[in-house]
Amino acid sequence: MTAPRLLIVGPQGSGKGTQGVRIAEAFGIPAVSTGDVFRANVKDGTELGLQVKAIIDAGDLVPDELTGAIVRDRLAQDDAAAGFLLDGYPRNLGQVADLDAFLDGRDSPLTAVIELAVPREESIQRLSRRAAEQGRADDNEEAIAKRLSIYESETAPILGVYRERGIVDAVDGVGTLDEVFERIVVALAARGITA
Ligand code: AMP
């Protein structure tokens, strides 16, 4: 059996947060979402929250150093020893290098990267819907456009690195939650990653 050290990557609105939580539950591993960590800190008014609020609201990326430290702390906790699912980190090539250094030091590299593929039009529609439902400050038109453009220019290239390692599974993200989840489970099972 291969340890579930997973990363889920996809454009904003691809459903990666929802699928990430389901996968983590199915495998009994923590879902580590940097976006969720930042939002919780903003909501609670912590020092970190105050530091990152304006950056997040504008749709920009929080500095790598700050983000990397949060992820390293989280992955060092006991409940992540058997595996974890990363959602939203790494998000650029610098963060890939930071994460590699950390995981290599623990002799525990990522075992699979799930690429959720959703056409741009569909992402935008889903994000607009979420804006109406959840009222996220960064789901306004300007921040959405910026986040999607950062995704294309900075985040999509990280898939090339992982593809070279042969650990990427591209999964069609269009369908019901159950259909997409099933596709992910099948792809992971083919790698010997089973719940
Ligand atoms: P998400 O929920 O993953 O879309 O993240 C929401 C926001 O949190 C992003 O638009 C960024 O401002 C910030 N953020 C989340 N993850 C990262 C990351 N890995 N690097 C830098 N900023 C991040």
* Could you tell me which non-hydrogen atom of Leu159 sits nearest to which non-hydrogen atom of Val168, and how far apart they are? => O-CG2, 4.0 Å
* Close side-chain approach of Leu188 to Phe27, heavy-atom, < 4.5 Å -> yes
* Asked: Hey, any chance Ile150 and Ile55 share a hydrophobic cluster, counting ILVMFWY side chains that come within less than 4.5 Å of each other, even indirectly?
  -> no
* Tell me whether Leu85 is reachable from Val37 by hopping between hydrophobic residues (I, L, V, M, F, W, Y) whose side-chain heavy atoms are closer than 4.5 Å. => no
* To do: Identify the residue among Arg191, Arg163, Arg183 that makes a salt bridge (Lys or Arg N to Asp or Glu O under 4.0 Å) with Asp169.
  => Arg191
* Arg129/Asp139 ion pair, N-O < 4.0 Å -> no
* To do: Calculate, to the nearest 0.5 Å, the distance between atoms CG and CG belonging to Asp100 and Leu103 respectively.
  => 7.0 Å
* **CG on Asn92 to CG on Leu61, rounded to 0.5 Å** => 6.5 Å
* Give, for atom CD of Gln12 and atom CZ of Arg120, the distance between the pair rounded to the nearest 0.5 Å. => 10.0 Å
* Asked: Between Gln19 (side chain) and Leu177 (backbone), is there a donor-acceptor pair under 3.5 Å?
  -> yes
* Asked: Would you call Val71 and Asp98 a side-chain contact if the rule is heavy atoms closer than 4.5 Å?
  -> no
* Looking at Ala82 and Pro4, what are the two nearest heavy atoms and their distance? -> O-CD, 3.5 Å
* Of the non-hydrogen atoms in Leu7 and Tyr89, which two are nearest, and what is the gap between them? -> CD1-O, 3.2 Å
* Asked: Are the side chain of Ser14 and the backbone of Val118 linked by a donor-acceptor contact shorter than 3.5 Å?
  -> no
* Structure fact -> To the nearest 0.5 Å, atom CG of Asp178 lies from atom CZ of Arg22 at 4.5 Å
* Treating Ile, Leu, Val, Met, Phe, Trp and Tyr as nodes and any side-chain heavy-atom pair under 4.5 angstrom as an edge, say whether Val21 and Val32 lie in one connected cluster. => no
* Asked: When clusters are formed by joining ILVMFWY residues with side-chain heavy atoms under 4.5 Å apart, either directly or through shared neighbours, do Tyr151 and Val113 land in the same one?
  -> yes
* Asked: Heavy atoms, side chains only, cut-off 4.5 Å: are Ile114 and Ile23 in contact?
  -> yes
* Any Leu6 side-chain heavy atom under 4.5 Å of Thr111 side chain -> yes
* Are Leu148 and Ile56 joined in one hydrophobic group, where the rule is that I, L, V, M, F, W and Y side chains link up if heavy atoms are under 4.5 Å apart? -> no
* Would you mind reporting whether Leu66 and Leu48 have side-chain heavy atoms less than 4.5 Å apart? => yes
* Asked: Any ion pair linking Glu142 and Lys146 (charged N to carboxylate O, less than 4.0 Å)?
  -> no
* Can you tell me how far CZ of Phe84 sits from CZ of Arg74, rounded to the nearest 0.5 angstrom? -> 10.5 Å
* Asked: Is it true that a side-chain atom of Ser123 and a backbone atom of Gly13 form a donor plus acceptor pair closer than 3.5 Å?
  -> no
* Asked: Say you draw a straight line from CG of Leu99 to CG of Asp64; how long is it, rounded to the nearest 0.5 Å?
  -> 11.5 Å
* Between Val174 and Pro119, which heavy-atom pair has the shortest distance, and what is it? -> CG2-CD, 3.7 Å
* Asked: Asn140 and Asp57: which non-hydrogen atoms are nearest, and at how many Å?
  -> ND2-O, 4.2 Å
* Structure fact -> Between Asp79 and Pro30 the two heavy atoms that sit nearest each other are O-CD, 3.2 Å
* Enclosure of Glu141 CD (heavy-atom neighbours >12, cutoff 6.0 Å) -> no
* To do: Starting from the C-alpha separation in whole Å, work towards a yes-or-no answer on side-chain contact (heavy atoms from CB on, under 4.5 Å) for Leu93 and Ile158.
  => CA-CA 6 Å; Leu93 292 170; Ile158 76 172; 4.2 Å; yes
